[in-house]
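In what follows, a structure is listed as C-alpha cells, so that the remarks can point back to it.
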Amino acid sequence: MVYIEHMSDPFDLGGAEPLPGEPAPPPYLSGLNGEQRAAVEATDGPLLVLAGAGTGKTRVLTSRLANILWSQKAWPSQVLAVTFTNKAAREMRERLETLLGGTVEGLWIGTFHAMAARILRRHAELVGLKSDFTILDTDDQIRLLKQLLSAANIDDKRWPARALSAVIDRWKNAGLSPQQIGQGHPLDNGFANGKAAELYAAYQQRLVELNAADFGDLLLHCLSIFAKYPDVLKDYQERFRYILVDEYQDTNVAQYLWLRLLAQSHHNICCVGDDDQSIYGWRGAEVGNILRFEKDFPGAAVVRLERNYRSTPHILGAASGVIAHNQGRLGKTLWTDTNEGEPVQVRAVWDGDAEARMVGDEVEALQSKGDTLDEMAVLVRASFQTRAFEERFITLGVPYRVIGGPRFYERREIRDALAYVRAVVSPADDLAFERIVNVPKRGLGDATMRTLHTTARASGVSLMAAAQVLCETDDLRAQARNALQRLLNDFARWRGLLSTMNHPELVEVILDESGYTSMWQQDKSADAPGRLENLKELIQALEEFENLSGFLEHVSLVMDNAANDDGDMVSLMTLHGAKGLEFDTVFLPGWEEELFPHQRALDEGGLAALEEERRLAYVGLTRARKRAIVSYAANRRIFDRWVNSAPSRFIEELPEDHIEREGETGLSATEWHDPGAAPAWLKPAHRGIREDRAPRWAARGQADHVFDEGDRIFHQKFGYGRILEMDGDKLYIAFEKAGDKTVLASFVEPAK
DNA sequence: AGATGTACCATTTTT
DNA sequence: TGGTACATCT
C-alpha cells in the first residue's frame, strides 16, 4: 500500500489528490494503549497532549498525523508539523512513512525556522528583502554588530558585541521588532546605557541593506507580515487545516504568536509537550505557553499520557519525587507496570577523579556482564565536566563519543568555504567577502579593509564594488591593489562558471583556485587533515542539491552533525543534549551544590531557575531504562582551585524508598580515610598533594567540631565569619567578606 | 602584516 | 586547565 501525492510545488494545491483510500485497517492504531489512542483519535479542535517522559509522545504525534492523512481530512500540503530540531523532524517523517507505507510529498514538516523561512521567501519583498536573502548565523550576527558598535564609538571592552547579540536575541525571541521597543525596555539590561534599542534598529537596517535575515528574523518577519497584511495571513490560515507541534513547552513567544496566528482559522492545533521537561527557559522558552494552552485555545481538549514504558518503578519514583518539589506544574502521575528493577544508586565520592574512576569501573563491570556501551551514557551539567571522563575512558581503553560540540556548518573550514560560495553567488554579500578576503593570506590586512569600508560606505556600494573602484585608483599600495585585483578577477571568473559548470565541481574549483585547499594541505597542525575531510564532505553533500542557493539554505537551516555511530561506545553529553534520548544505564555525576543546581543559574534566575535545574534533574533521571547512578564529590578541582562542595539539594529530594546510598551513610568519615574500608573508587587519588592544597573531607553530617551560636569560624572559601543561627548541621553564618550564607558544619572550622 | 606573548575568563544551545 | 582576544614585538 503506497501513499503518494504528486505535487512539485507545495504551494500549488491544484494537482493534489486525497489518499487512494484502500480498504485496509489503519496501521497507525495498532499497539496503542487507551490514552495514546485517545490522543491520536481526538476529534478536531485544539488539543493539548501532556506527555510525561517515556510515554511514547512522538509516536502519538506521528500517529495522529498519519490518521489525518489516512482519513483524508487534509492533503499533505495542508498540514504543518513543527519541531525544534532537524533530528526530530527527520524522525517524525521517517516514522510517518513507515506507518503509511510510502513516501509523503508536500507535507510542511520541519523546524520552526525552516518552515518560517519557507513562508518568508515567498513574501520577502514585504519586509524589504529579496527572496534570495541570505540567512546569517550567530557568528555573522556578532561580526556585524561589532562593526556597528565601532561605528557608534562604543567601547567594545565594556559593551561586547556578544552581549548586544544576546539582548537582540532576547527581543526577537519575545517577538519584538525595533519599532515595538521603547527606551529602557525591561529586556534591555542597560546595554551601553540604554543604547540597545537604537542599535537594534540600526542592525535591522543593515540586515536589509545586506539582504540578510538572522535566525530570529525568520519568525519575526513572518509576524510583521501577518500583522500588516491580513490577506497574506488569511491565506496561510486557510491553508493549514492541521497544525502539529512537538515539544510545545520549549516554544518562545515569537514561535507561540506565529502558531497562534496560523491556527486561527481551523483551530486544529495539536501541541504535545511536558511542562516538567522545559529546560530552555534561559534561551527564551516560555513554560507559560503550555500552562496557558486551554485559555489561549478555548474549548481545548487535554489528554494526559501517564503510562511510562521506559523506566523501572524505582527510577520513575526517584524522578517523580524530585520533580514534585516544583510549584506550578500541570501535574502528571507517571506509572509503569514493569518489574521493580534496581534502586537508583547514590554514591558519594572523594573527588572528581574518584568519580571518573567509579564510572569507568562500573562501565567495565557492566560490559563484562554483557551490556553494550551504546546503552550507557554519562550526563553532565556543564560540558567541561566531560573531560575528566574522557581522560578516564582513554586510560581504560573504553570507546566513547562526545555528543554536542560545534555543528558541521559552524566549523571554520565549512564557514570559509560557504563564504566563498556566498560571495560568488551574491557579490553584495559583504560579510561573506570580508570573511575570506584574506583567507588564505593575501596581504590584505586591516589597513586595506579600512580603506575598502570607507569607500564602500561613502558611495553606498558593496565591498566588492568598492574594491573594483579602488583597483583603478592609487589609494592602495601597489601590493594590496594587485592582490585585490587578482581576487576580483577570480570571483568574476567563478561567477562566469555558475551557469556552465555543475555546482559541486565549481565549488571544488573555487576552493582549489583560491588557494584555500592548499592552505590546509600545508597546515601542519593536527586538525588540518580533518578539515580537508570536512571540505570533501561538503562537496559531496552538494550533489544532492539542484543549485547553490538551495544548498546554502540547507546548510544554514537543516544540516546537522553526521552521527558518529560506528562501533559500540559510551555516550558523553550534557543533560540538555540528552533530552529525547534513552539508555539502559545512565550515570549522573556532579550532583553538588553550585554545580548542579548551577550557582550562576540561581544567581540570574532565582526560584524559576532552580525549578528549571530541577527539571533538568528530572530529565536526566528519566533517560534511564534500567539503571541510574547519581554521584557527588566532596571535593572538586575546578580549573586550578579545589572546591569543597555539599551534595546537591536534589539528592535530599530523592525519595529514600527508591534509592540506595553508598559512601555517605554506610561508612563513617574515619573509615573513609582507612584504605581498607572503602571501595577502590572512593580512595583519594592524589598522593603528593601539598597539605594546603589537599582536599578536605567534607561528608555531610560528619563535622569534626562542635559549634555554638556566636562562635567565630573559618571557611576555606568564604573566610572568617560568625555563626548567627544553627539548624542541625546547617549553620547560618555572617562572613566578614562573603556576606551571609548557609553552610554545612563540616566545611567550617573554629577560627584560631 | 604577521608572529608571538599575555591577560583573562570559564553554564546550558537550537536554528 | 585551555581557549580566546588583545597588545606588543619583529
Side-chain angles (χ1 to χ4, degrees), chain A residues 82-89 110-117 135-142 146 156-157 160-162 165-166 169 172-173 213-220 246-247 250-252 254-255 278-285 352 379-388 390-391 403-410 438 440-450 477 479-480 483 553-561 573-580 590 594-605 609 612-613 615-617 619-620 636-642:
Chain A
V82 275
T83 61
F84 277 82
T85 63
N86 290 302
K87 190 168 163 240
T111 60
F112 276 96
H113 289 89
M115 297 299 98
I135 298 170
L136 300 190
D137 59 25
T138 317
D139 213 73
D140 291 324
Q141 187 191 37
I142 287 174
K146 263 195 184 141
D156 58 351
K157 259 238 149 75
R162 213 159 266 285
S165 154
D169 277 354
K172 291 195 172 180
N173 285 337
D214 65 19
F215 287 124
D217 284 344
L218 299 175
L219 281 147
L220 205 53
D246 196 12
E247 307 278 17
D250 286 338
T251 48
N252 62 34
Q255 290 159 336
S278 162
I279 55 174
Y280 286 112
W282 51 273
R283 64 175 200 213
L379 311 183
V380 295
R381 172 67 241 267
S383 48
F384 76 85
Q385 291 172 269
T386 57
R387 199 189 303 153
E390 288 188 65
E391 281 168 14
I403 297 180
R407 251 117 274 290
F408 184 73
Y409 75 89
E410 277 168 11
N438 203 27
K441 303 264 186 292
R442 298 188 173 92
L444 299 167
D446 287 349
T448 313
M449 287 315 288
R450 255 195 306 276
R477 294 215 316 263
Q479 220 180 347
E553 175 127 345
H554 173 83
V555 167
S556 52
L557 286 177
V558 184
M559 196 147 174
D560 32 73
N561 276 351
M573 68 191 96
T574 63
L575 288 160
H576 286 91
K579 193 157 146 204
E594 300 194 9
L595 183 56
F596 186 45
H598 202 283
Q599 188 57 47
R600 192 122 157 194
L602 267 39
D603 290 346
E604 283 166 20
E612 184 154 309
E613 296 282 301
R615 291 193 287 269
L616 212 41
V619 167
R636 196 171 284 281
R637 201 179 50 204
I638 295 182
F639 311 115
D640 64 338
R641 124 173 343 196
W642 281 100

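Naming: A, B, ... by sequence-line order, numbering from 1 per chain.
At the heavy-atom level, A/T83 lies nowhere under 4.0 Å from the strands shown. Heavy atoms of A/A117 sit nowhere under 4.0 angstrom from any nucleic acid atom.
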Steps toward side chain to side chain contact (heavy atoms under 4.5 Å, CB included) verdict (A/F215, A/L557): CA-CA 9 Å; A/F215 287 124; A/L557 286 177; 3.9 Å; yes
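Panel note: side chain A/N86, backbone A/V558; a donor-acceptor pair is recorded below 3.5 Å. Between the A/D214 side chain and the A/D217 main chain, a donor and an acceptor come within less than 3.5 Å of each other.
The nucleotide whose nearest atom lies closest to any side-chain atom of A/R387 is, among B/dA1, C/dG2, B/dG2, C/dG2.
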A correct 5'-to-3' footprint of nucleotides 5-15 of chain B, with B, S and - meaning base, sugar-phosphate only and no protein heavy atom under 4.0 Å, is -----BBBBBB
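Taking the ring centroids of A/H576 and A/W282, they lie under the 6.0 Å cut-off.
Using a 4.5 Å cut-off on side-chain heavy atoms (C-beta onward), A/V619 and A/I279 make contact.
Note: CZ (A/R637) to C1' (C/dG2) measures 13 Å, nearest angstrom.
With its glycosidic angle within 90° of 0, B/dT11 adopts the syn conformation.
Side-chain contact check for A/Q599 and A/D603: at least one donor-acceptor pair (N or O, by modelled atom type) lies under 3.5 Å.
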